[in-house]
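All residue numbers refer to positions in the sequence shown, counting from 1.
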Amino acid sequence: MIEDKKLQNAEENISEEPKKKKRSLLRELFSFVEIFVAAFILAQLMTHFVLMNAEVPSESMEQLIEPGDRLFGFRLAYLFSQPERFDIVIFRYPVDESQNFIKRVIGLPGETVEIRAGEIYIDGSKKPLEEPYLPETWADDNDGYLFKVPKDCYLMLGDNRNISLDARFWASEALQAGIAENESEAQKYTYVTKEQILGRAVFKYYPHIESLLAYE
């Protein structure tokens, strides 16, 4: 009887082994699914509330940012602070907010910005703004511009000024698009509001990793 009982217990243990392995496999599978779901949710939260992914289509910020470069913008950069001059920012294009642009902050709220002979002067300063980041001599559309930046707005220019579609032209673009009836009404499209700024460009990750903060 004792031997029969031992044999029965042994058979029961053998029959339990596949069940234990199955339960262990299921636990591992559920654990993997939990990790995957948590990672997916975290990625969604990061891309919707912290980081934004952008691909640059134009040459307006050459040579710092080339067409086809991919970069991350930090959405929370201005949650507790204001954009500063020379920041590189991603924003909704004032003339067509379905498009995102990336430019450099040049004029701050309340400032007067004048462009004369390829030089920028802030609030009547006799000394022009130093811009070592320009990739080449600014020769086109480089004179005769005067901007009075409204409250809570910013003046944006591209680094590659000879081809950049930036604040110099947005009022004309608004008139051509028919969203402004006259030049006076079109002037508001020259500037980017704080609400239109999506984030600060922080680094490129393709085709190579490079911080953009060193160029501000």
Side-chain angles (χ1 to χ4, degrees), residues 54-71 73 82-96 99-150 153-177 180 183 186-194 196-204 207-208 210-216:
E55 181 174 352
V56 179
S58 74
E59 303 171 340
S60 67
M61 289 296 291
E62 282 185 329
Q63 298 170 345
L64 174 59
I65 304 173
E66 305 283 350
D69 283 355
R70 296 178 183 176
L71 55 86
Q82 302 299 320
E84 297 181 359
R85 195 181 334 275
F86 305 128
D87 283 1
I88 302 167
V89 299
I90 303 167
F91 56 92
R92 292 192 294 270
Y93 177 35
V95 179
D96 179 3
Q99 300 184 55
N100 293 341
F101 275 22
I102 178 168
K103 306 289 181 188
R104 191 181 294 271
V105 176
I106 297 298
L108 302 178
E111 289 184 338
T112 297
V113 180
E114 187 176 3
I115 299 175
R116 299 199 313 264
E119 303 280 5
I120 293 178
Y121 299 86
I122 306 294
D123 287 338
S125 173
K126 294 182 179 180
K127 184 179 179 180
L129 200 65
E130 294 185 9
E131 298 189 283
Y133 45 76
L134 298 185
E136 60 185 16
T137 301
W138 183 7
D140 296 337
D141 296 291
N142 69 351
D143 190 71
Y145 290 92
L146 181 66
F147 304 96
K148 294 184 178 181
V149 187
C153 291
Y154 298 85
L155 181 75
M156 308 289 189
L157 296 178
D159 287 359
N160 195 356
R161 306 259 166 88
N162 292 320
I163 63 170
S164 176
L165 175 60
D166 52 38
R168 293 168 292 168
F169 311 110
W170 293 344
S172 297
E173 291 289 312
L175 284 170
Q176 292 180 17
E183 291 186 4
Q187 289 305 308
K188 67 180 182 180
Y189 295 98
T190 298
Y191 308 100
V192 176
T193 65
K194 178 73 178 296
Q196 290 170 325
I197 295 177
L198 300 174
R200 182 181 182 185
V202 288
F203 67 88
K204 293 189 292 185
H208 55 270
E210 181 180 6
S211 171
L212 299 175
L213 302 182
Y215 299 93
E216 298 178 353

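- For the side-chain hydrogen bond (donor to acceptor under 3.5 Å, both in side chains) test, no residue two or more places apart in sequence or in another chain qualifies with S125.
- Rounding to the nearest 0.5 Å places CD1 of I122 at 9.0 Å from OG1 of T112.
- Counting only distance, with no hydrogens or angles, the side chain of K103 and the backbone of L165 share a donor-acceptor pair below 3.5 Å.
- Here the side chain of D166 pairs no donor or acceptor atom with the backbone of M156 at under 3.5 angstrom.
- When atom types are taken as modelled, the side chain of N162 and the backbone of W138 share no donor-acceptor pair closer than 3.5 angstrom.
- The two residues Q196 and P94 make their nearest non-hydrogen contact at NE2-CA, 3.8 Å.
- Here I120 contributes atom CD1 and K127 contributes atom NZ; the two are 14.5 Å apart, rounded to the nearest 0.5 Å.
- Side chain of R161 to backbone of G158: a donor-acceptor contact under 3.5 angstrom is found.
- For the pair R104 and Y133, the cation sits on the ring face: its NZ or CZ lies under 6.0 Å from the ring centre, inside 45° of the axis.
- Between P67 and S58, the shortest heavy-atom contact is CG-O, 3.5 Å.
- D69 is listed as a side-chain neighbour of P207, based on a closest heavy-atom distance under 4.5 Å.
- A distance of 6.5 Å separates CZ in F147 from OG1 in T190, rounded to the nearest 0.5 Å.
- Residues R92 and N100 meet the side-chain proximity criterion, which asks for heavy atoms closer than 4.5 Å.
- Counting all heavy atoms, side chain and backbone alike, Y189 lies closest to A174 at CD1-CB, 3.6 Å.
- In this structure, the side chains of R85 and L129 come closer than 4.5 Å at one or more pairs of heavy atoms.
- When atom types are taken as modelled, the side chain of D87 and the backbone of V105 share no donor-acceptor pair closer than 3.5 angstrom.
- Here the CD1 atom belonging to I65 is positioned 8.0 Å from the OG atom belonging to S60, to the nearest 0.5 angstrom.
- In this structure, R116 is positioned above the aromatic face of Y121, its NZ or CZ under 6.0 Å from the six-membered ring centre and within 45° of the axis.
- In this structure, G107 and V113 approach most closely via the heavy-atom pair CA-CG2, 3.8 Å.
- Under the salt bridge (Lys or Arg N to Asp or Glu O under 4.0 Å) criterion, E210 pairs with K204, not counting sequence neighbours.
- By the ring-ring contact (aromatic ring centres under 6.0 Å, His included) test, Y191 pairs with no residue at all, sequence neighbours left out.
- In this structure, the side chains of I102 and I88 come closer than 4.5 Å at one or more pairs of heavy atoms.
- To the nearest 0.5 Å, the span separating CD on E59 from OG on S164 amounts to 11.0 Å.
- Using a 4.5 Å heavy-atom cutoff, the side chains of L108 and L155 are not in contact.
- Heavy-atom contacts from other residues, nucleotides or ligands closer than 6.0 Å to CD of E183 number 12 or fewer.
- Residues K194 and P83 meet the side-chain proximity criterion, which asks for heavy atoms closer than 4.5 Å.
- A donor-acceptor pair under 3.5 Å links the side-chain atoms of D143 to the main chain of A117, judged by distance alone.
- Closest non-hydrogen pair, V95 versus A177, comes out as CG1-CB, 4.4 Å.
- I163 CD1 to E136 CD: the interatomic distance, rounded to the nearest 0.5 Å, is 7.5 Å.
- Below 30°, between 30° and 60°, or above 60°: for W170 and Y93 the angle between ring planes is above 60°, a perpendicular geometry.
- Panel note: side chain R200, backbone L213; no donor-acceptor pair is recorded below 3.5 Å.
- The environment of CD in E55 is crowded: more than 12 heavy-atom neighbours from other residues, nucleotides or ligands sit within 6.0 Å.
- Judged by distance alone, with hydrogens and angles left aside, the side-chain atoms of D159 form no donor-acceptor pair with the main-chain N or O of E131 at under 3.5 Å.
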Any chance you could lay out the side-chain hydrogen bond (donor to acceptor under 3.5 Å, both in side chains) test for Y154 and E111, step after step, and finish with the verdict?
CA-CA 9 Å; Y154 298 85; E111 289 184 338; over 6 Å; no
